[in-house]
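For the numbers below, each heavy atom of this structure counts, side chains included, while hydrogens, waters and symmetry mates do not. All figures in this text were calculated on a predicted structure; none of them were measured in a lab.
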Amino acid sequence: MSSTNHRMRDIVVIGAVGAFLLILPQFLGRYFIHLITMIFFFGYLGMAWNILGGYAGQFSFGHAAFFGIGAFTSTLLQIHVGVNPWIGMFLAGIGGLLLGLSIGSLSFRYGLRGPYFALAMLALAEMLRLLAVEWMAAKYPLGITIPLKGDSFWYFQFKSKVPYYYISLIMMAAVLYLTRMIEGRRMGSYFKAIRENESAADALGINVFKYKLLAMAISSFLTAVGGTFYAQYYLTIEEESAFGVGISIEVLLGPIIGGAGTVLGPVLGAGILEILSEVTRNILGAYSGVHLMVYGAILIVVIIFLPSGILGGLQMAFWKLSKGK
């Protein structure tokens with residue numbers, strides 16, 4: 001099949017899927033719209049993490065740091081300065097980017113990689129969480145609530161969950177497109193080279209420090225933007241939901257289970273985890289935390305039998321079958 005036919009097929013598939021997702025809310029109730037919105041949202045966050053952890057190979061265990069900075073920045077600007085939440089979302093992204101560049105510059109300049117970088121990121125997120133706990137105890141002991149402005153696109157507040165569905169869909173689609181662009185360009189090749197062997201990449205003339213920092217900047221900006229969406233969706237934030245280790249785990253589990261270093265892996269992983277989470281909560285609601293045990297069991301199975309994730313395993317199986325023919 002020629003490249004033109006491949007391109008036309010991709011356009012048709014993307015158009016059909018896009019049309020289906022656009023009309024889907026018309027046939028769903030509030031609960032399922034919320035569920036799919038969360039799949040889109042955590043798929044978006046997973047793809048943001050995937051740029052740094054999946055493609056560039058810098059495993060971060062502390063993306064809650066950027067998520068929390070995004071949620072707190074936009075919310076506090078909105079409450080105390082009157083900044084529109086859409087503008088606050090961009091400023092939150094800038095705040096996350098600056099934090100990412102700061103911690104990335106220090107970590108990469110001093111050669112932190114692998115588990116050491118992961119622990120450094122975890123320490124950053126935990127430090128910010130503890131600072132937030134102390135500050136919130138004095139200023140907002142009951143958490144920060146965003147004032148209701150009514151059903152308004154301008155104020156990023158809606159009575160229906162449908163607008164949030166479409167916003168999360170657009171966010172996810174935008175990062176899908178960005179990831180596809182990165183994968184098809186020289187930047188993506190450099191990221192993969194660094195992931196496979198930093199020393200070899202450096203010997204080939206790749207500016208390892210620059211491209212690792214670039215991956216960190218993109219990932220932290222997008223994650224902070226996601227923090228703003230979360231704050232506007234729930235209209236309340238507190239330190240544990242913003243900076244807690246639970247957020248970091250949910251962000252990275254999707255790509256790992258779905259397929260780190262692939263375009264669609266984070267979305268697949270987010271879909272599986274969100275659906276399983278809802279099923280276990282509904283069936284075993286009386287047993288708090290059971291869904292986390294299910295997450296752990298799935299993670300163990302995937303790591304043992306599908307180290308490249310579900311999507312990576314399917315791609316490998318398809319490649320073997322096609323080669324066998």
Side-chain angles (χ1 to χ4, degrees), residues 38 41-42 45 48-49 52-53 58-85 87-110 112 115-149 156-157 216-217 219-253 288-289 291-292 295:
M38 288 297 99
F41 177 59
F42 281 104
L45 290 177
W49 182 92
L52 177 67
Q58 308 307 303
F59 190 95
S60 167
F61 202 72
H63 258 47
F66 310 125
F67 183 87
I69 286 292
F72 272 84
T73 297
S74 61
T75 300
L76 293 175
L77 285 175
Q78 182 179 355
I79 292 174
H80 296 292
V81 189
V83 174
N84 179 271
I87 299 173
M89 176 180 272
F90 175 75
L91 295 176
I94 296 298
L97 183 148
L98 293 175
L99 177 62
L101 288 177
S102 300
I103 188 66
S105 180
L106 289 171
S107 299
F108 301 146
R109 191 173 298 280
Y110 290 99
L112 291 185
Y116 301 104
F117 176 71
L119 289 174
M121 291 300 300
L122 176 61
L124 172 67
E126 188 62 12
M127 179 186 70
L128 291 175
R129 187 189 69 81
L130 293 174
L131 289 173
V133 166
E134 294 299 322
W135 181 76
M136 292 276 285
K139 295 282 187 180
Y140 301 96
L142 299 178
I144 304 176
T145 301
I146 298 175
L148 293 174
K149 301 283 187 175
F156 207 147
Q157 294 181 10
M216 173 67 95
S219 183
S220 57
F221 176 88
L222 294 173
T223 304
V225 167
T228 298
F229 177 88
Y230 179 89
Q232 293 299 136
Y233 187 76
Y234 288 103
L235 295 178
T236 181
I237 57 170
E238 47 91 25
E239 59 275 12
E240 196 61 40
S241 64
F243 290 109
V245 69
I247 285 292
S248 293
I249 292 173
E250 282 205 69
V251 167
L252 64 86
L253 274 182
S288 178
H291 68 287
L292 297 177
Y295 283 2

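- The minimum heavy-atom distance between A224 and G93, with the atom names listed, is CB-CA, 3.9 Å.
- Expressed to the nearest 0.5 Å, how far OH of Y234 lies from OG1 of T145 amounts to 15.0 Å.
- Atom OG1 in T236 sits 8.0 Å away from atom CD1 in I144 (nearest 0.5 Å).
- To the nearest 0.5 Å, atom CG of residue L252 and atom CG of residue L52 are 11.5 Å apart.
- Remark: of the listed residues L130, L131, I69, I69 is the sole one forming a side-chain contact (heavy atoms from CB on, under 4.5 Å) with F243.
- Considering T75, L77, L76 in turn, L77 is the only one that fulfils the side-chain contact (heavy atoms from CB on, under 4.5 Å) rule with T73.
- Checked by atom type and distance alone, the side chain of T228 pairs as donor or acceptor with a backbone atom of G70 at under 3.5 Å.
- Rounded to the nearest 0.5 angstrom, F156 CZ and Q78 CD are separated by 10.0 Å.
- Contact of the I79 side chain with the P147 side chain is registered, since non-hydrogen atoms from C-beta on lie closer than 4.5 Å.
- With sequence neighbours excluded, the residues forming a side-chain contact (heavy atoms from CB on, under 4.5 Å) with T223 are L45, A48, H63, F66, F67, S219, listed by chain and number.
- Using a distance-only test at 3.5 Å, with no hydrogens or angles considered, a donor-acceptor pair links the side chain of Q157 to the main chain of K149.
- Ring centers of F59 and W49: under 6.0 Å apart, within the cut-off.
- Of all the heavy atoms in A125 and G62, the pair that sits closest is CB-O, 3.8 Å.
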Worksheet entry | F90 and F221: CA distance, side-chain angles, deciding distance, side-chain contact (heavy atoms from CB on, under 4.5 Å) verdict | CA-CA 9 Å; F90 175 75; F221 176 88; 4.2 Å; yes

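- Among residues at least two apart or in separate chains, ring-ring contact (aromatic ring centres under 6.0 Å, His included) pairs with a member in residues 118-137 are W135-Y140.
- Going from atom CG of L235 over to atom OH of Y230 covers 11.5 Å, rounded to the nearest 0.5 Å.
- Taking CZ of R129 as the reference point, atom CE of M136 lies at 12.0 Å (rounded to 0.5 Å).
- Minimum interatomic distance between G100 and M216 (heavy atoms only, all atoms of both residues): O-CG, 3.2 Å.
- Nearest heavy-atom pair, M38 versus Y233, reported as atom, atom and distance to 0.1 Å: CE-CE2, 3.8 Å.
- Here the closest heavy-atom approach between residue F108 and residue L112 is recorded as CD2-O, 4.3 Å.
- Using modelled atom types, no side-chain atom of S74 and backbone atom of P85 make a donor-acceptor pair closer than 3.5 Å.
- Across A231 and I237, no two heavy atoms sit closer than the pair CB-CG2, 3.7 Å.
- Residues meeting the side chain to side chain donor-acceptor pair (under 3.5 Å) test with S220, sequence neighbours left out: none.
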